[in-house]
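Before any comments, here is the structure.
Residues: numbered from 1 along the sequence shown.
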Amino acid sequence: MAPRVLMVAEKPSIALSIASALSGGRMSTRRGSTDVHEFDGMFRGLHAHFKVTSVIGHIFSVDFPPTYQNWEVTDPMDLFQAPILKSESNPKAHIRRHLSQEAKGCGYLVLWLDCDREGENICYEVIECSGIHENEAGRRIYRARFSSVAEKDILKAMDNLVAPNKDEALAVDARQEIDLKVGVAFTRFQTRYFQGKYGNLDSRVISYGPCQTPTLGFCVQRYLQITTFKPEKFWSLNPYIIKDGYELRLEWDRNKLFDYDVAMMFQKLVSDDHTLKVTDILTKEECKSRPSGLNTVNMLKVASSALGFGPQMAMQLAERLYTQGFISYPRTESTAYPSSFDFRSALGAQLNNPIWGNDVRALLADGFHKPRHGLDAGDHPPITPMRSATEDMLGDDAWRLYQYICQHFIGTVSPDCHYTRTRVEFAAGRELFHCVGQHVTAKGFTSIMPWMAVGEKNLPQFTKGEKINILKVDLYEGSTSPPDYLSESELISLMEKNGIGTDASIPVHINNICERNYVQVSSGRRLVPTALGTTLIRGYQCIDPDLCLPDIRSFIEQQITLIAKGKADHIHVVQHVLQQFKQKYTYFVKKIENMDALFEAQFSPLADSGRLLSKCGKCTRYMKYISTQPPRLYCATCEEVYYLPQNGTIKLYKELACPLDGFELVLFLMAGPDGKTFPLCPYCYNSPPFEGIDKLFGALKLGSSGKIGKGAGMPCFLCPHPTCQHSLISQGVCACPECSGTLVLDPVSAPKWRLYCNICNCLVSLPQGAHRISTTGKRCPECDSTIIEVDFNKRTTPLSNGATLHVGCILCDELLHSLVEMKHGKSFFRRGRGRGRGRGRASSRGRGRGRGRSKYEDPKMSFRDF
């Protein structure tokens with residue numbers, strides 16, 4: 001029997017490219033969690049059957065066990081010794097099960113993950129899921145190393161399979177564990193401490209990160225240089241002459257002086273001399289070298305400074321170009337090409353490009369130059385175009401990045417730029433002046449990279465010893481100016497220089513400090529720290545400057561590199577680093593008052609923030625609603641904070657109180673035209689009254705919604721209280737046709753009455769324009785749904801005899817069923833007896849595996865995504 005080979009790529013598009021190249025296009029494809037391409041071929045001298053499929057990035061994510069997830073119960077100090085769990089990143093994708101099923105009967109596993117440390121880590125995730133191990137008889141695991149999805153590179157990688165690198169995978173494990181434990185410990189402590197005291201921080205979490213915080217530190221350091229800068233006046237002397245019809249402004253060799261009287265003295269000496277004497281003429285042939293190969297960091301810097309893309313967006317565009325086969329792998333530290341690189345083929349792919357095809361033809365005809373020697377980091381070749389494209393094929397943004405990559409590559413194999421530089425020196429009143437001219441003799445690579453061109457400046461002919469009359473002598477007055485805010489490009493350079501992050505993570509760290517409101521991106525993509533970002537860094541500086549300096553992170557990255565090279569044990573490195581940060585955390589907690597003093601001077605106390613909204617169930621006094629991130633209610637009497645969901649509007653709900661705790665209910669209106677509206681009790685939302693509520697309805701973690709990850713929030717439509725008029729039991733009508741949820745009556749949706757699912761985005765329109773619709777608490781004998789009561793408008797009532805009141809089941813009552821309409825989700829049908837938490841059965845056609853999403857379905861509307 002022919003051996004079976006399972007091949008796994010990192011993305012579905014790459015799996016398709018691999019299968020197409022290895023099968024010559026003769027393959028079959030079937031659907032699964034990700035597509036599976038099958039074909040027959042030769043493998044290591046044997047006839048074999050191939051299956052090519054993919055993951056979608058990391059299969060697993062790292063987090064703490066459930067016992068450490070509750071912020072109120074867990075001391076952040078305990079997180080440094082807490083165990084960590086790897087769980088499926090996207091359980092709905094079923095990648096783990098998919099790989100396990102596809103691996104059955106396969107004797108070989110070939111890993112086509114991206115060739116960097118993260119890719120190596122995913123290799124071992126795939127190995128774990130597949131169940132294929134090296135030590136099993138007849139089973140083997142191989143690693144393919146490739147830098148592009150071009151057919152020749154895929155075939156070459158297939159002929160040169162190697163073993164996966166466990167050390168590089170362990171290096172990623174070490175970084176993940178360190179960043180998780182350190183970041184979460186500091187973040188939880190800071191967030192609880194400061195958000196419980198100040199109302200206008202305007203950030204969901206006050207986060208700390210071993211990479212993120214030093215990144216912010218660079219921005220704040222520049223900001224402090226700007227704010228503490230004291231300008232000084234200076235004066236500069238500039239004589240003007242006319243020669244052969246040219247008026248020239250000469251530069252002073254002293255440049256500038258900070259003493260006005262002395263500058264005036266020099267001006268008088270030069271003016272009294274009346275003439276300038278040419279003392280020397282220096283002419284020199286200069287060369288501007290062509291660039292080295294393009295690596296990730298340099299691409300990100302150019303994207304920000306010249307193309308106007310943030311690093312995160314630039315990386316996304318580059319990855320898309322790579323998966324489509326237009327460029328080589330975009331994550332590389334190398335700027336040097338390997339000696340075996342085929343430049344002629346790479347250039348040949350661009351011959352027919354309408355913009356630079358002529359330049360390429362000239363290079364191939366006249367002979368191209370090898371690129372300058374750069375850095376060989378031992379990972380991937382520099383970023384290189386692999387096939388030609390046009391703007392119509394890529395779209396505006398991707399095209400601009402692709403265009404730069406192509407022009408840079410062509411520039412690396414073009415001749416150097418040559419020019420002549422002439423410096424003419426003058427003297428008057430014993431002071432020295434000069435002017436400089438430049439003339440390009442060979443454009444070289446600047447013809448394809450015009451933004452790097454040498455500026456032409458013509459000078460008239462001068463003769464040594466010649467004397468020229470002075471037209472005038474200006475004394476220019478100016479002031480020294482502070483540096484500008486850091487640009488993204490400058491920040492990337494600082495991060496690279498100081499070992500903060502990797503080529504893959506640098507965009508993520510910059511994006512994080514923007515998203516968390518620590519910096520704002522201004523014109524020119526310059527990063528301006530906010531009051532929160534500045535106060536945080538100043539706070540670290542006054543407690544423990546190491547927390548925001550790059551030194552510690554640089555040391556960690558060095559240790560992680562040693563792990564990747566097999567020169568350090570990853571367990572010992574993790575333990576050593578965590579012990580260091582644990583000591584720093586202890587000292588930080590002890591001295592937090594020093595940082596708090598800075599916050600107190602910058603931000604408003606909770607008692608002075610927000611507006612009165614609803615009554616506290618403990619003291620019956622009004623609580624204040626604070627709308628800045630994260631939205632919350634604050635009771636000044638009890639000194640308690642109650643977090644609320646975000647991405648919507650909070651209002652008082654009819655001054656009704658929760659029967660469990662006496663807190664007044666508030667109404668949450670989700671953003672968007674079809675956003676859900678539901679009441680919630682602030683106390684129940686923060687402290688669900690029923691044990692296991694999150695397991696019953698799914699863990700509705702609201703870490704991104706103002707709940708700050710402190711547990712499962714419970715709005716009224718999830719509450720199983722048997723008598724509360726706002727609970728799921730009272731307002732639930734029937735089972736959702738799309739999921740395991742319940743369709744709940746929206747009690748304030750009049751006159752456009754509706755039901756919505758408490759889990760998914762399913763929405764059902766009820767009879768429109770009715771005066772009142774309410775649940776009755778009675779069950780339908782046919783389907784066990786809750787019977788509703790509808791009070792129709794007199795003028796539009798559908799009832800014969802002009803009656804307005806009608807009671808019935810929306811599934812079984814012919815009249816009501818004819819008046820309901822599904823707005824999001826599948827068709828709404830009546831079928832059989834009820835299911836699911838005693839709320840009758842409502843089903844849809846085509847339910848089952850592999851059904852497509854309705855064109856009306858909006859995945860962003862799920863409550864799980866708050």
Side-chain angles (χ1 to χ4, degrees), residues 234-257 263 266-267 269-271 273-292 301-302 305-307 356 359 362 369 372 404 407-408 410-412 414-481 483-484 487 489-490 524:
F234 65 83
W235 292 266
S236 179
L237 206 60
N238 299 111
Y240 285 78
I241 61 172
I242 292 180
K243 172 70 171 175
D244 298 339
Y246 286 92
E247 182 178 312
L248 294 178
R249 177 178 180 269
L250 306 184
E251 300 298 323
W252 193 14
D253 281 12
R254 294 183 189 271
N255 191 17
K256 56 191 172 188
L257 292 177
F266 283 125
Q267 183 189 33
L269 287 173
V270 174
S271 297
D273 207 337
H274 300 299
T275 59
L276 283 158
K277 181 179 180 181
V278 178
T279 57
D280 207 352
I281 301 173
L282 304 171
T283 300
K284 186 178 180 182
E285 295 295 326
E286 300 277 2
C287 173
K288 187 171 185 177
S289 299
R290 58 190 178 277
S292 300
K301 288 161 64 175
V302 169
S305 61
L307 305 180
W356 48 79
D359 296 274
H369 296 245
R372 287 171 49 208
Y404 172 76
Q407 289 173 297
H408 186 105
I410 297 169
T412 64
S414 297
D416 292 338
C417 172
H418 293 274
Y419 62 99
T420 302
R421 186 173 185 273
T422 302
R423 177 186 170 100
V424 182
E425 297 182 348
F426 303 86
R430 298 187 180 181
E431 286 303 294
L432 302 178
F433 303 90
H434 65 272
C435 62
V436 175
Q438 294 181 152
H439 175 64
V440 176
T441 55
K443 287 185 175 181
F445 75 95
T446 63
S447 62
I448 191 70
M449 302 176 73
W451 58 89
M452 297 188 71
V454 174
E456 289 261 5
K457 185 179 179 182
N458 295 319
L459 291 180
Q461 290 293 322
F462 290 98
T463 306
K464 188 175 180 179
E466 178 183 2
K467 290 187 177 182
I468 304 168
N469 291 329
I470 298 175
L471 182 64
K472 62 179 178 178
V473 181
D474 276 355
L475 187 62
Y476 171 78
E477 180 182 303
S479 294
T480 56
S481 57
D484 206 341
S487 66
S489 179
E490 292 170 324

Backbone of [Y] reached by a side-chain donor or acceptor of [X] within 3.5 Å:
X    : Y    : result
Q267 : L237 : no
S414 : G444 : no
N238 : E251 : no
R372 : R290 : yes
T441 : H418 : yes

Roughly how far, to the nearest 0.5 Å, is the [atom2] atom of [Y] from the [atom1] atom of [X]?
X    : Y    : atom1 : atom2 : answer
L257 : S236 : CG    : OG    : 8.0 Å
S305 : W451 : OG    : CH2   : 11.0 Å
F445 : D359 : CZ    : CG    : 13.5 Å
E477 : K256 : CD    : NZ    : 13.0 Å
H369 : D416 : NE2   : CG    : 7.5 Å
K472 : I242 : NZ    : CD1   : 9.5 Å

Test applied, side-chain contact (heavy atoms from CB on, under 4.5 Å); reference residue, Y240; option that passes from L248, D474, V473: D474
Contact summary for [X] and [Y], nearest pair of heavy atoms:
X    : Y    : value
P239 : L276 : CB-CD1, 4.2 Å
V454 : C417 : CG2-SG, 3.9 Å
W235 : A263 : CB-CB, 3.8 Å
G455 : Q438 : O-NE2, 2.9 Å
A428 : I470 : CB-CD1, 4.3 Å
H434 : F426 : CA-CD1, 4.1 Å

Under 4.5 Å between any side-chain heavy atoms of [X] and [Y], yes or no?
X    : Y    : value
K464 : D280 : yes
R254 : F266 : yes
E456 : H439 : yes

Side chains of E431 and W252: is there a donor and an acceptor less than 3.5 Å apart? yes
Can you tell me if Q461 has over 12 outside heavy atoms packed within less than 6.0 Å of its CD? no
Is it true that atom NZ of K443 has more than 12 heavy atoms of other residues, nucleotides or ligands lying nearer than 6.0 Å? no
Taking it one step at a time, do E425 and L282 satisfy side chain to side chain contact (heavy atoms under 4.5 Å, CB included)? CA-CA 8 Å; E425 297 182 348; L282 304 171; 3.9 Å; yes
Please assess L471 against I241 for the test side chain to side chain contact (heavy atoms under 4.5 Å, CB included), listing each intermediate value before the final yes or no. CA-CA 5 Å; L471 182 64; I241 61 172; 5.7 Å; no
Are the charged groups of K288 and E286 less than 4.0 angstrom apart, N to O? no
Apply side chain to side chain contact (heavy atoms under 4.5 Å, CB included) to the pair V278 and T463, showing each step before the final yes or no. CA-CA 7 Å; V278 178; T463 306; over 6 Å; no
